[in-house]
Amino acid sequence: MKRALIALLLCMLCAMPGVQAQDGGEMYTIGIIGPMEEEIELIRSKMKVQKVEKLANFTFYSGTWDRQRVVLVRSGIGKVNSSVAAQILIALYRVDFLINSGVAGGLNPKLKVGDIVVSRDAVQHDVDQTAIGEPPGKFEDADVIYYEADPRLVRLGEAAAKGLPGVKVYVGRVASGDQFVGTDEQKQRIVKTFQADAVEMEGGAIGQVAYLNQVPYVIIRSISDASADAAGAEYKSFVKQAARNAAYLIEQMIQNLPKKK
Ligand code: ADE
């Protein structure tokens, strides 16, 4: 009976953030959000998954990865889905920080398919109250247009590039909206208005949720399509490889993560 009680207490301790790692350092609890199966499968395969839970119809995988605690969620596509998933990771799983993993369309001509963008900041390119005098990307009641990523996570992402020979890593601006951006005209508008380097459908919303909760975040996206007018076809050919590149970079980041204290 006493043994069972001790085991239960130990289990409860393990379920809390900030548990002691075996080497005496404290472990982070890292929330990782990937919109699609392709964007989470490699990460899940490397984790030691201890618990699988369904909340708000998303599947959350909790466990460890390289001596850190990780909660991985497949959020589904788009800003609403990713916002709900991010808020659950913060409020219920009490993650220390958020990493958004996945693929993106290249806007900056420097970016080729397979390259990786580490977000310096992120914006929502479909936010538009310009008709009532607000700048593009800003709601009347918001105080931010560009959601800044955590500089320590950005540096960790940049440094992780060393572990991935042949893959170029750029720090840049990610623009997000509830649209697949497939035409040159759409791309030009986003570049002209926001000077963005890559476009996808979740990161800016995750940035906003992170900002509202004062939780550090970063977006790691590999380029799945970079062409001016054939983005859709290119995306279909390269999405898997690009998603893998982003996941490999995140693996390096987690391996290089300094101790919590
Ligand atoms: N994700 C990958 N490529 C994209 C694009 N071109 N537009 C929006 N999201 C994307």
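We count ligands from 1, going down the list as the structure has it; atoms in each ligand are counted the same way.
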Spell out, yes or no, whether Ile219 and Phe194 are grouped together once hydrophobic residues are joined by side-chain heavy atoms under 4.5 Å, including indirect joins. no
Do NZ/NE/NH1/NH2 and the carboxylate oxygens of Lys240 and Glu38 come within less than 4.0 Å? no
Here the atoms of ligand 1 under 4.0 Å from any heavy atom belonging to Ser224 are 2 (C), 3 (N)
Look at atom CZ of Arg189 and say whether more than 12 heavy atoms of other residues, nucleotides or ligands are closer to it than 6.0 Å. yes
Tell me whether Ala104 reaches ligand 1 (any heavy atom closer than 4.0 angstrom to a ligand atom). yes
Is there any N or O on Ala231 that sits under 3.5 Å from an N or O of ligand 1? no
Verify same cluster id: Ile88, Tyr217 (apolar side-chain graph, 4.5 Å): yes
Looking at Asp115 and Lys168, does any basic side-chain N land under 4.0 Å from a carboxylate oxygen? no
After noting the C-alpha distance and the side-chain angles of His125 and Thr193, does the key distance pass the side chain to side chain contact (heavy atoms under 4.5 Å, CB included) rule? CA-CA 8 Å; His125 67 76; Thr193 314; over 6 Å; no
For Glu200, the atoms of ligand 1 under 4.0 Å from one of its heavy atoms are 8 (C), 9 (N), 10 (C)
For atom 10 (C) of ligand 1, the closest protein heavy atom turns out to be Val199 O, 3.7 Å
Note, Gln188 side chain near Leu107 side chain (heavy atom, < 4.5 Å): no
Check whether the side chains of Tyr93 and Glu53 place a donor and an acceptor atom closer than 3.5 Å, and report yes or no. yes
Considering only heavy atoms of Tyr235, which atoms of ligand 1 have at least one such atom less than 4.0 Å away? 2 (C), 3 (N)
Around atom 5 (C) of ligand 1, find the nearest protein heavy atom and jot down its residue, atom name and distance. Phe180 CE1, 3.5 Å
Of all the non-hydrogen atoms in the protein, which one sits nearest to atom 3 (N) of ligand 1, and at what distance? Asp225 OD1, 2.7 Å
Protein heavy atom at shortest distance from atom 7 (N) of ligand 1: Val181 N, 2.8 Å
Would you call Gln179 a ligand 1 contact, heavy-atom distance under 4.0 Å? yes
Distance filter under 4.0 Å to Met201 heavy atoms, resulting ligand 1 atoms: 8 (C), 9 (N)
